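Beneath this line is the structure, given in structure tokens, with notes to follow.
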2 protein chains.
Amino acid sequence: MSDVTAPNLANLFDDLPDAPLPIYAKLKQAISLKISSGEWQTNQRIPSESEVVKALGVSRMTVNRALRELTAEGFLVRHQGLGTFVAEKKAHSALFDVHNIAEEVAARGHKHRSELLVLESAKATMEEAMTLGVRTNHGIFRSVVLHFENDLPIQIEERVVNATLAPEYDKQDFAKHTSYEYLMSAAPMTEGEHLVEAILPNAVECERLQIQASEPCLQIKRRTWAGDDIVTAARLLHPGSRFQLFGHFGR
Amino acid sequence: MSDVTAPNLANLFDDLPDAPLPIYAKLKQAISLKISSGEWQTNQRIPSESEVVKALGVSRMTVNRALRELTAEGFLVRHQGLGTFVAEKKAHSALFDVHNIAEEVAARGHKHRSELLVLESAKATMEEAMTLGVRTNHGIFRSVVLHFENDLPIQIEERVVNATLAPEYDKQDFAKHTSYEYLMSAAPMTEGEHLVEAILPNAVECERLQIQASEPCLQIKRRTWAGDDIVTAARLLHPGSRFQLFGHFGR
DNA sequence: ACAATCAACTTGTCTATACATCTAAAAAAA
DNA sequence: TTTTTTTAGATGTATAGACAAGTTGATTGT
């Protein structure tokens with residue numbers, strides 16, 4: 001348990017949309033913002049319930065509810081007698097993590113690197129419009145990125161992006177940030193679906209992934225929405241010998 | 001919204017382990033039990049907060065907390081002015097559905113059938129104890145079931161079951177019910193983890209699944225808990241050409 | 001007969017208070 | 001110095017009371 005002094009509370013309710021929310025919800029929102037913005041860092045101690053009570057003039061039970069719910073949602077960790085701390089990391093959910101192949105590789109203590117093979121802006125073809133679920137005259141971006149773990153190919157990422165929602169997609173530096181990171185900031189994705197299959201790779205894929213034609217591959221097709229608008233459709237292909245998909249449910 | 005009259009509350013705290021739990025936790029446990037046992041059925045209206053207050057002599061805030069948390073966990077649905085109802089179904093998440101291969105096949109309008117290849121009761125080997133996370137001297141069941149979709153093999157299900165939690169496992173009729181269905185009724189599973197891989201089948205698996213040795217297979221290893229106790233560990237193997245894993249997240 | 005109003009009941013939120021339990025550090029005792 | 005005790009502060013739980021807001025059905029008025 002780290003032991004940094006608690007941050008001050010003067011600006012707790014700043015920069016918040018003034019929607020007509022209950023107090024406990026505003027508190028949750030404000031604290032989430034402090035965490036996601038990095039102002040309150042991992043393992044840092046946050047103000048105690050009574051400090052918030054004194055600073056904001058609300059009831060302790062209200063503060064307690066906000067902190068309790070944020071704890072249940074995995075943003076905070078509380079220890080009786082000690083205080084409330086920013087939790088290690090928002091473990092997204094189930095298979096969501098695989099979006100971020102870079103982070104995953106880094107978490108294993110390995111080196112991640114990627115090569116941008118294709119990046120083009122175009123009108124959607126009929127097939128793309130179908131899988132992307134947009135009107136045909138909408139602009140799209142199409143990209144193919146090859147990801148490496150310790151200089152060994154681990155994923156081919158073919159992606160089609162809705163240009164309306166992510167207009168700066170083609171201006172990204174794909175060596176520095178993954179497409180996932182940009183898309184998350186441009187149009188936070190709230191919903192999605194996967195289709196996971198075991199298939200054999202074709203000739204091009206074999207060469208790109210540096211594998212034999214007989215090696216089974218794990219293919220993940222994924223479509224992701226932000227609200228009602230589809231953001232992106234991706235096809236991720238992994239060598240079976242170098243990749244496992246992990247997920248958990250419940251809790 | 002269905003409109004059944006609220007059930008009575010005389011026996012709310014019966015059949016409950018008398019662990020030293022907070023009142024709100026006991027309430028949650030009792031209500032969960034009513035639901036999982038089928039006594040309170042889907043869409044049925046459950047007692048209002050004030051009814052519980054009158055019947056059990058606890059504070060409304062305490063009841064409110066229990067009901068609010070059960071709602072957040074997806075067991076209940078609440079409507080202001082109307083009441084509290086048993087939720088549709090613990091829509092577990094993402095890949096949970098694949099547990100029920102029988103239902104999945106039926107949903108496609110196809111015929112499901114299964115063959116019980118192995119069923120034995122034993123002490124857990126060291127390896128099984130490790131993967132199952134139980135003490136070595138615990139009894140286990142081990143089963144292998146082959147599932148068919150329209151008389152074509154679609155899944156090999158190898159399973160190890162904690163005999164303490166599911167004592168009647170070996171007395172089930174595996175032709176009538178899947179192991180999943182029995183386990184769900186014996187020890188409702190609340191948590192689990194998956195490991196998905198693309199692999200090549202061995203000789204025995206090729207024969208059982210009626211596939212070539214070169215055909216990639218989708219392997220799912222899954223462990224499932226009920227509370228803190230592990231219930232079962234399973235390995236599911238599917239021919240890549242006959243099976244896709246579908247899941248969605250968000251909402 | 002129809003419409004508007006009201007009453008009763010429900011969940012949703014907020015407050016003030018109280019006591020329990022846990023922790024760490026200060027104070028007291030050895 | 002070392003050990004023990006106390007104390008202050010933190011979270012955890014429980015209660016009683018109040019008001020807001022949504023829904024339904026009964027009542028009232030036209």
Side-chain angles (χ1 to χ4, degrees), chain A residues 1-7 9 12-13 18-31 40 43-87, chain B residues 1-7 9 12-13 18-31 40 43-87:
Chain A
M1 210 47 51
S2 180
D3 51 342
V4 191
T5 60
L9 292 176
L12 229 202
F13 276 153
D18 54 350
L21 282 179
I23 300 177
Y24 81 92
K26 279 194 178 178
L27 270 170
K28 286 178 64 175
Q29 213 176 318
I31 294 170
W40 292 359
N43 285 334
Q44 183 177 346
R45 184 170 176 275
I46 77 168
S48 73
E49 295 183 351
S50 54
E51 282 175 296
V52 178
V53 166
K54 272 188 291 187
L56 302 183
V58 296
S59 158
R60 183 166 89 91
M61 282 306 294
T62 304
V63 182
N64 180 270
R65 174 170 176 183
L67 296 179
R68 184 154 35 82
E69 292 188 2
L70 283 171
T71 301
E73 291 162 20
F75 293 99
L76 299 175
V77 176
R78 315 195 77 193
H79 292 283
Q80 194 169 355
L82 285 178
T84 305
F85 305 81
V86 177
Chain B
M1 209 47 51
S2 180
D3 50 341
V4 191
T5 60
L9 292 175
L12 229 202
F13 277 153
D18 54 351
L21 283 179
I23 301 177
Y24 82 92
K26 278 194 179 178
L27 271 170
K28 287 178 64 174
Q29 213 176 318
I31 294 170
W40 293 359
N43 286 334
Q44 184 176 345
R45 183 169 176 277
I46 78 167
S48 72
E49 295 182 353
S50 55
E51 282 176 296
V52 179
V53 166
K54 273 188 293 188
L56 302 183
V58 296
S59 159
R60 184 167 89 89
M61 281 307 294
T62 303
V63 182
N64 179 271
R65 175 170 176 182
L67 296 180
R68 184 155 34 83
E69 292 188 1
L70 284 172
T71 301
E73 290 163 20
F75 293 99
L76 299 175
V77 175
R78 315 196 76 192
H79 292 283
Q80 194 169 355
L82 284 177
T84 306
F85 305 82
V86 178

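Every chain is numbered from 1 and lettered A, B, ... according to where its sequence line falls, protein lines coming before strand lines. All figures in this text were calculated on a predicted structure; none of them were measured in a lab.
Atom OG1 of A/Thr71 sits about 4.5 Å away from atom CG of A/Leu76, to the nearest 0.5 Å. Distance check, rounded to the nearest 0.5 Å: CD of A/Gln44 to CZ of A/Phe85 gives 10.5 Å. B/Glu51 contributes atom CD, which lies 13.0 Å from atom CZ of B/Arg60 (distance to the nearest 0.5 angstrom). Rounded to the nearest 0.5 angstrom, A/Arg68 CZ and A/Thr84 OG1 are separated by 12.0 Å.
Taking side-chain N and O atoms only, B/Ser59 has no distance below 4.0 Å to OP1 or OP2 of D/dA16. OP1 or OP2 of D/dT11 sits under 4.0 Å from a side-chain N or O of A/Thr84. For the OP1/OP2 pair of C/dA16 and a distance below 4.0 Å, the side-chain nitrogens and oxygens of A/Arg60 include no atom meeting the criterion. Within the structure, a side-chain polar atom (N or O) of A/Tyr24 is placed less than 4.0 Å from OP1 or OP2 of C/dT13. Side-chain N/O atoms of B/Ser50 include one lying less than 4.0 angstrom from OP1 or OP2 on C/dT10.
Residue contacts shown for A/Ile23 are limited to sugar-phosphate atoms, with no base heavy atom under 4.0 Å away.
Place A/Gln80 and B/Thr62 on DNA chain D by their nearest nucleotides, and A/Gln80 ends up nearer the 5' end. With the nearest nucleotide of DNA chain C identified for both A/Val58 and B/Leu67, B/Leu67 has the one nearer the 5' end. Comparing A/Arg65 and B/Gly81 against DNA chain C, the residue whose closest nucleotide sits nearer the 5' end is B/Gly81.
If you measure from atom NE2 of B/His79 to atom C1' of D/dT24, you get 15 Å, rounded to the nearest angstrom. In this entry the distance linking NZ of A/Lys54 with P of C/dA16 reads 15 Å, nearest Å. In this entry the distance linking CZ of A/Arg78 with C1' of C/dT23 reads 15 Å, nearest Å. Protein atom CD of A/Glu69 is 12 Å distant from nucleotide atom C1' of C/dG12, rounded to whole Å. One interatomic measurement links the two molecules: CD of B/Glu49 to C1' of C/dT13, which rounds to 11 Å at whole-angstrom precision. Across the protein-nucleic acid pair, A/Leu82 atom CG and D/dT11 atom P stand 9 Å apart, rounded to whole Å. Rounded to a whole Å, the CG atom of B/Asn64 is 14 Å from the C1' atom of C/dT15. With rounding to whole Å, B/Leu21 atom CG is found 16 Å from C/dA20 atom C1'.
Among the candidates A/Leu70, A/Ile46, A/Leu67, the single residue satisfying the side-chain contact (heavy atoms from CB on, under 4.5 Å) test with A/Arg78 is A/Leu67.
Closest approach to the A/Pro22 side chain among C/dT10, C/dT13, C/dT17 is made by C/dT13 (side chain taken as heavy atoms from C-beta onward).
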